[in-house]
Amino acid sequence: MFRHTKAVLEKLRHVCLQLSWRQRSTAVKEKTLHYKAGQQIHGFTVKEVVAVPDLFLTAVKLTHDKTGAQYLHAARDDPNNLFSIQFRTTPMDNTGVPHILEHTVLCGSKKYPCRDPFFKMLNRSLSTFMNAFTASDYTMYPFSTQNGKDFQNLLSVYLDAVFFPCLREQDFWQEGWRLENENPTDASSPLVFKGVVFNEMKGAFSDNERVYAQHLQNKLYPDHTYSVVSGGEPLAIPDLTWEQLKQFHATHYHPSNARFFTYGDLPLEQHLKQIEEEALSKFERIDPNTQVPSQPHWTRPREDHVTCSPEAMAPDPSRQNTLCVSYMLGDITNTFEAFTLSMLSSLMTSGPNAPFYKALIEPKIGTDFSSVVGYDGSTKEASFSIGLQGMAEEDTEKVKHIIHHTISDIIEKGFEDERIEALLHKLEIQMKHQSTNFGLSLASYIASSWNHDGDPVELLQINNSVTKFRQALKENPRFLQDKVQHYFKENTHRLTLSMSPDDSYLEKQAKAEEKKLQEKINALSDGDKKEIYEKGLQLLDAQSKTQDASCLPALKVSDIAPTIPVTPVHMSNAGGVPVQFCEQPTNGLVYFRAMCSLNTLPEDLKLYVPLFCSVVTKMGCGSLDYRQQAQQMELRTGGMSVSPQVISDCTNLDMFEQGVLLFSSCLDRNLPHMFKLWQDIFNSPHFDNEERLRVLVMMSAQELANGISHSGHMYAMTRAARYLTPAGELHETFDGMEQVRFMKRIAEMSDLTQVIRMLPRIKKHILNPDNMRCAINATPQQVPESAAHVESFMKDVATNRKHFKAVRPNIIKRPVDVLSDSGPSRKLIDDPNFQPCYMKTFFQLPFPVNFVSESVRTVPYNHEHYASLCVLARMMTAKFLHGEIREKGGAYGGGARMGGGGVFSFYSYRDPNSVQTLSAFRKGVEWAMSGQFTQQDIDEAKLSVFSSVDSPVAPSSKGMSIFLSGLSDEMKQRHRERLFAVTHKNLLDVAERYLGTGHKTCGVSILGPENDAIKKDPSWVVK
Ligand SMILES: [Zn+2]
């Protein structure tokens, strides 16, 4: 068994990377270049082979001879290989047929007839990503993995699922919709609608931004598939029949209507062979007839109005209207035109220098742009939308006027050259930045245009478009203005859509659902009702049965690498501040981070820290006003941000580090500019601009309010952990519902001078060399220069050194360099007298669904039981909670997870149930304590834990766990060995010891609609 000794690590830290990323990348790329157009491979013919040096890849386009299936392979030296298959799915009604089909094909197939192979594979694979999406006009099934054997396994399951699904009636009931007794074991309980997609869509439409976006698309393209809700309109879903579902599959999920995409360093031939043998060879060509016709152009503009539910957390309840104007643009398959329009859209809307930002955001008529804003290329003809949310109804005419006026203004004045350069610079950085899910980004980037027979290879050649764009600007200085004239000023295909809250919206929806339900029930005979009851029991029975998944391929625990790859980092010092260097293949980008402690910050300022972080880089600094600052940041950096941090200690739950993290990146030629900006931001920020601050406050309050409906489970978990650890308490202050409510209060203040006074007070505590440490990720060649710049930055910082005393008395020091006990240290807060306490909190919100959480205080990362708790959480999720909460309970999701801060959390997502789900959590604990799980269950849970432990880390983020949390490779390796060693007995022990105990160490929280049971129960705190 592998063990790190200090000496081994010490040596490794000074080893430079032997190979640069570019050198390695030539291997796969060159091999792929050997393919020639016309070449035949496993039933496919190569159409085109194109090197795309800007993205470091080689693209191979193929067509399947017999069926006409299309195929694109992007060979790139990236081990995180991706597969995706997409079908053009063009529904003509609101029943959500493509969405329900997306769910049901994953419920079992010919070769893999067990129930739910998709979810089971999550535990039998080391996938780095597995999912399925229903878009407006296509359905996509992607997965990625770093393991070759795993790739073949998943490919086999995916191919069988989409081409040969069982599509059992029972799958349709479970995933789509069904009538069932509220309590399936009680024939006298009332009949209600159930089904995963039914509930998912009710949840989705509780999000007003989603409601608006959906209406806008439906009304801008009213003549074909875009006029319907592909995900399903909740009340139209019960009109879908099982027969219609099967029919839709037969006509749409066919190779002749399919597009395959593979990405990464695995050989193409192997993929083609497997796809031909397992799927395509069994089909003949059909004419799928799924083309989307062009939307006929309107001869005059249209207007429309819709309603939504009022928002409880909106900054100003009297201003909850949305208005936007949407223009239909050209066909997205015209690659260069689409590129130009998306560049134009950024110039018009993005950042404080954009004309629409100046004209719409800064006068504070609304809180932010409408949820749909800018260029959207997800439909056959693209669109551009511009408008506001969070505005008063009486400002409607004013906003329309401003929009039209701004367009005329742009046509007259055009854009500054420097803004165009800044935008092209941003594009260059985006192309160079190495992300861990590059394959997936490519798949979604090409999906829409390819779906309408656009050329995906042309799309990948972004630099060709850039060159053409520069040429066009050179030849015609009015190039962009002419486009604005044509696509906006003279465009009669435009829709003005307004949305306003209706107090009785939810009530009306509930009534409509009740009416639909009664219609269905009235049509039933007694025999039908009896059958429903019996089918309900059958489904429950099927869901409760132990399932045999042995037909599915699986990796073994022995397929997992026993050791972690070591990430060498090198510690140094700049002006008395510790700096960690991590040499990485970053394509010429330098990533800079600085962690600044908040230990001296007075308690009354804590709530203001997130606000401080979100505005400090956006207010202007030094000689630059905020517009010039934004311009410089875009022109010289890949972005600059500041974020609050609460970092739990690895060994003690009552200890944590608090701070803010500065993060930025740039091309190495811009290093001096980037550090000059940081210097100015902290030496001479322009905090006193109240107008600017108000704009930023409104935008972040709106963003927080909008986020609750999709991150409700995170808020519930954070709240449930609030009274369990000192870190949990600060977490709630920074990221929880407490922060959402605080920002709402700030946004409602008529005078912000009090807030403005807080900002410089916080700033004083941040850039203090005594309480800082930095990190640089860059290529070996760039390290010396980066080091010199950090050094001079720190010298400058040191001149502002001020001495403050720590606010809390107990400060524990941990060495920054884990291998040496002397030298600089991280300073942690210790709260030895902290008493966890039991608290149940309910937040009443205008949603039709709940988010439920229960959290339990357990042990920190370095504790010997931590690994067992990680495995237990995965096992309970896969083997028990998923079935109870999603399959039986009808929630969109639910499970358990072990958090880094030593808190074990249960959660449900978009859940029709509230307190009942708490009993499901308890039943899960009983299940675990009963020990009714097998070695296979344990091994699957381990695989699932490892797939996240080993998920790829981008070069920009390597070395961060040691930098931020002091988590060394040695500690990670020890955790790894403990994970491998977890036994049946260990799981029983930890379930009993930590989850079976009394109430003192747990907390509960629910976010959801008005709830009588909770109201009547005095043990709940209702907020
Ligand atoms: Zn779904």
Side-chain angles (χ1 to χ4, degrees), residues 84-87 89-91 93-109 115-122 129-143 158 161-162 165 167-168 170-178 193-207 209-211 213-214 217 225 228-240 242 244-245 248-249 252-253 378 440 443-444 447 543 709-713 847-851 877 882-883 885-895 907-912:
S84 108
I85 179 162
Q86 70 180 79
F87 300 101
T89 46
T90 48
D93 62 40
N94 284 318
T95 59
V97 58
H99 184 193
I100 294 171
L101 185 59
E102 174 227 300
H103 280 240
T104 33
V105 300
L106 302 174
C107 288
S109 59
R115 232 162 40 78
D116 235 354
F118 184 80
F119 276 97
K120 292 200 176 66
M121 281 311 284
L122 285 172
F129 184 84
M130 277 179 76
N131 216 332
F133 307 106
T134 308
S136 304
D137 52 16
Y138 66 84
T139 307
M140 179 191 265
Y141 297 82
F143 71 77
Y158 268 58
V162 298
L167 298 182
R168 288 165 289 222
Q170 218 171 46
D171 302 333
F172 171 61
W173 298 339
Q174 176 181 294
E175 297 298 320
W177 75 276
R178 65 185 183 276
F193 285 129
K194 292 186 185 175
V196 173
V197 170
F198 179 77
N199 282 314
E200 181 190 339
M201 293 315 292
K202 270 173 76 174
F205 283 114
S206 67
D207 176 354
E209 295 193 296
R210 168 76 195 256
V211 170
Q214 186 68 57
Q217 186 184 90
T225 189
V228 305
V229 184
S230 64
E233 175 74 49
L235 290 188
I237 289 174
D239 293 333
L240 184 70
W242 179 40
Q244 286 167 336
L245 183 84
F248 195 85
H249 178 266
H252 291 77
Y253 281 38
S378 68
L440 184 64
S444 19
Q543 288 169 337
S709 72
H710 33 95
S711 310
H713 61 312
F847 300 149
V849 286
N850 296 278
F851 300 91
T877 302
H882 179 82
I885 299 170
R886 180 172 160 118
E887 292 179 354
K888 291 191 203 162
Y892 186 54
Y907 65 93
S908 74
Y909 187 71
R910 292 186 177 160
D911 187 348

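Whatever order the structure lists them in is the order used to number ligands and atoms, beginning at 1. This chain uses plain numbering: 1 for the first residue, then up along the sequence.
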Quick one: side chain to side chain contact (heavy atoms under 4.5 Å, CB included) partners of E233, sequence neighbours excluded?
N94, V229, A236

Given V162 and Y141, is the side-chain contact (heavy atoms from CB on, under 4.5 Å) satisfied, shown in steps?
CA-CA 9 Å; V162 298; Y141 297 82; 3.7 Å; yes

Counting only protein N/O/S, how many atoms fall short of 2.8 Å from the Zn ion (ligand 1)?
4

Does this structure show an ion pair linking E887 with R115, if we count only N-O contacts that are shorter than 4.0 Å?
yes

Can you confirm if the aromatic rings of Y907 and F851 lie within a centre distance of less than 6.0 Å?
no

Is it true that Y909 and H713 have ring centroids separated by less than 6.0 Å?
yes

For Y892, is there any backbone N or O sitting under 3.5 Å from a side-chain donor or acceptor partner on R886?
yes

